[in-house]
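What follows is a set of notes on a single structure, which appears directly below.
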Amino acid sequence: MTGSLEDRMVRRFGPGVRSWLAGLDALVAGLCRDWDLEPVRPLSGGTSHTVWCTRGGEPVVLKVTPEPPIAAQELAALRAWEPSPRMVRVLEADPARGALLLEGLVPGTPAADGPGLAEVLRELHVPPPEGFPPLSERVDFIFGVLRRRHPGDHDAAHARAAELARDRVPATLLHGDLHFGNVLDAGARGLVAIDPRPCVGDPAVDAVDFAYASPDLRDGIERWSAVVDGGRLAAWCEVFAGFFPGHPSVAAGR
């Protein structure tokens, strides 16, 4: 058990997660046995522990979380996106054990800014199935993360974001955590999204990180307005500015 894994899991789930961590090696070993996996190396993760494995010579990723509802919700979203090549495919699932087996993406390097991102965004915004939380819940979670990363007064931005999340706009299924690290290069297949935190709401919110990739935020918003509503994207970029304190447009107050 690496200290970094324990620290990360305790920060996310609280000290009670240590009992799950104590059985993690046995859990992974059992899943590898059940799914005929050969573990290769651990990968980084947020709400999960992930292991790069092979099965029959093919790369796969084993993903386990201490909260089975997280796995169940991710599985439901992956099934909803299954027709699209722009989302990672699930190969096996055991939500009761908090486990998913996903295809391994090669080379699997994080996406660079480019035209392929627009296709990812368009492909993921499908009519929302039943059973996913509203964007407002995700907003509350995100601002909890912001307060831990960048302590300060974020109450006004949080309130405005909550209002945006409640606006009556055509809602879609959202990735919920779409940034360059969660879109990977899959070689000839193109770019593929991973690790969703699915919710339902305004599709413009999924483009915030991509808009901030431009040194001039106004240019980024204009560019992404070809894919999502530019006015709403601008509003979301404003309320999430606290995540980008070093961005030139935020520093300049633009």
Side-chain angles (χ1 to χ4, degrees), residues 77 80-81 83-87 110-129 132-143 145-146 150 154 156-186 190-254:
W81 283 312
S84 173
R86 298 298 147 237
M87 176 55 76
D113 195 7
L117 291 171
E119 184 183 355
V120 172
L121 203 57
R122 290 189 181 100
E123 288 275 322
L124 297 187
H125 290 161
V126 299
F132 291 98
L135 175 56
S136 57
E137 290 187 15
R138 181 68 183 161
V139 162
D140 289 343
F141 175 84
I142 289 171
F143 273 89
V145 172
L146 177 59
H150 304 289
H154 302 291
H158 189 174
R160 176 59 181 136
E163 290 176 0
L164 287 170
R166 291 193 298 267
D167 283 348
R168 293 185 178 275
V169 298
T172 68
L173 183 59
L174 303 176
H175 182 284
D177 193 21
L178 198 58
H179 54 77
F180 291 98
N182 276 345
V183 182
L184 304 184
D185 180 357
L191 299 181
V192 178
I194 63 167
D195 205 18
R197 296 292 173 263
C199 57
V200 171
D202 181 2
V205 74
D206 267 347
V208 167
D209 277 76
F210 298 157
Y212 269 106
S214 173
D216 188 320
L217 180 58
R218 292 170 297 188
D219 290 345
I221 292 169
E222 182 177 355
R223 172 187 167 193
W224 285 96
S225 65
V227 183
V228 299
D229 184 289
R232 294 197 61 81
L233 176 56
W236 283 112
C237 286
E238 181 179 356
V239 298
F240 286 137
F243 277 101
F244 305 92
H247 190 278
S249 292
V250 174
R254 298 197 302 269

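Here the structure is a predicted model, which is why all the values come from computation and not from measurement.
Side chains of Ile221 and Trp236 form no contact here, defined as non-hydrogen atoms less than 4.5 Å apart. Inter-residue side-chain proximity for Asp209 and Leu178 is flagged as unmet; no heavy-atom pair is nearer than 4.5 Å. The closest side-chain heavy-atom distance from Leu124 to Met87 is below 4.5 Å. The side-chain heavy atoms of Phe244 and Leu217, taken from C-beta on, include no pair separated by under 4.5 Å. At least one side-chain heavy atom of Ser249 sits under 4.5 Å from a side-chain heavy atom of Asp216. A 4.5 Å side-chain heavy-atom check between Val227 and Phe210 finds every atom pair outside the cut-off. Under the 4.5 Å side-chain criterion, counting only non-hydrogen atoms from C-beta, Arg223 is not in contact with Ser214. Put simply, the side chain of Ile142 does not reach to within 4.5 Å of the side chain of His158, judged on heavy atoms.
Here the straight-line distance linking atom CG of Leu191 with atom CG of Asp185 works out to 6.5 Å at 0.5 Å rounding. The CG atom of Asn182 sits 5.0 Å away from the CG atom of Asp177 when rounded to the nearest 0.5 Å.
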Next on the checklist: For Val208 and Phe243: C-alpha separation, side-chain torsions, deciding distance, then whether side-chain contact (heavy atoms from CB on, under 4.5 Å) applies.
Outcome noted: CA-CA 11 Å; Val208 167; Phe243 277 101; over 6 Å; no
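Of all non-hydrogen atoms in Gly181 and Pro110, the two that sit nearest each other are CA-CB, 4.3 Å. Taking each heavy atom of Trp81 and Pro196 in turn, the nearest pair found is CZ3-CB, 3.7 Å. Nearest heavy atoms, Ser84 versus Glu123: OG-OE1, 2.7 Å. Here the closest non-hydrogen pair linking Ala211 and Leu233 is CB-CD2, 4.2 Å. Here the closest heavy-atom approach between residue His150 and residue Pro245 is recorded as CE1-CG, 4.0 Å. The minimum heavy-atom distance linking Val139 with Ala161 is given by the pair CG1-CB, 3.7 Å.
Contacts of Glu163 classified as salt bridge (Lys or Arg N to Asp or Glu O under 4.0 Å), with partners at least two apart in sequence or in another chain: Arg160.
Two rings, from Phe240 and Phe143, have their centers less than 6.0 Å apart.
Side chain of Arg138 to main chain of Gly176: a donor-acceptor pair is present (N/O by atom type, distance under 3.5 Å, no hydrogens or angles). Panel note: side chain His175, backbone Ala193; no donor-acceptor pair is recorded below 3.5 Å.
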Donor-acceptor list for residues 164-174 side chains, cut-off 3.5 Å, not counting sequence neighbours:
| residue | atom | partner | partner atom | Å |
| --- | --- | --- | --- | --- |
| Asp167 | OD2 | Arg232 | NH1 | 3.0 |
| Asp167 | OD2 | Arg232 | NH2 | 3.4 |

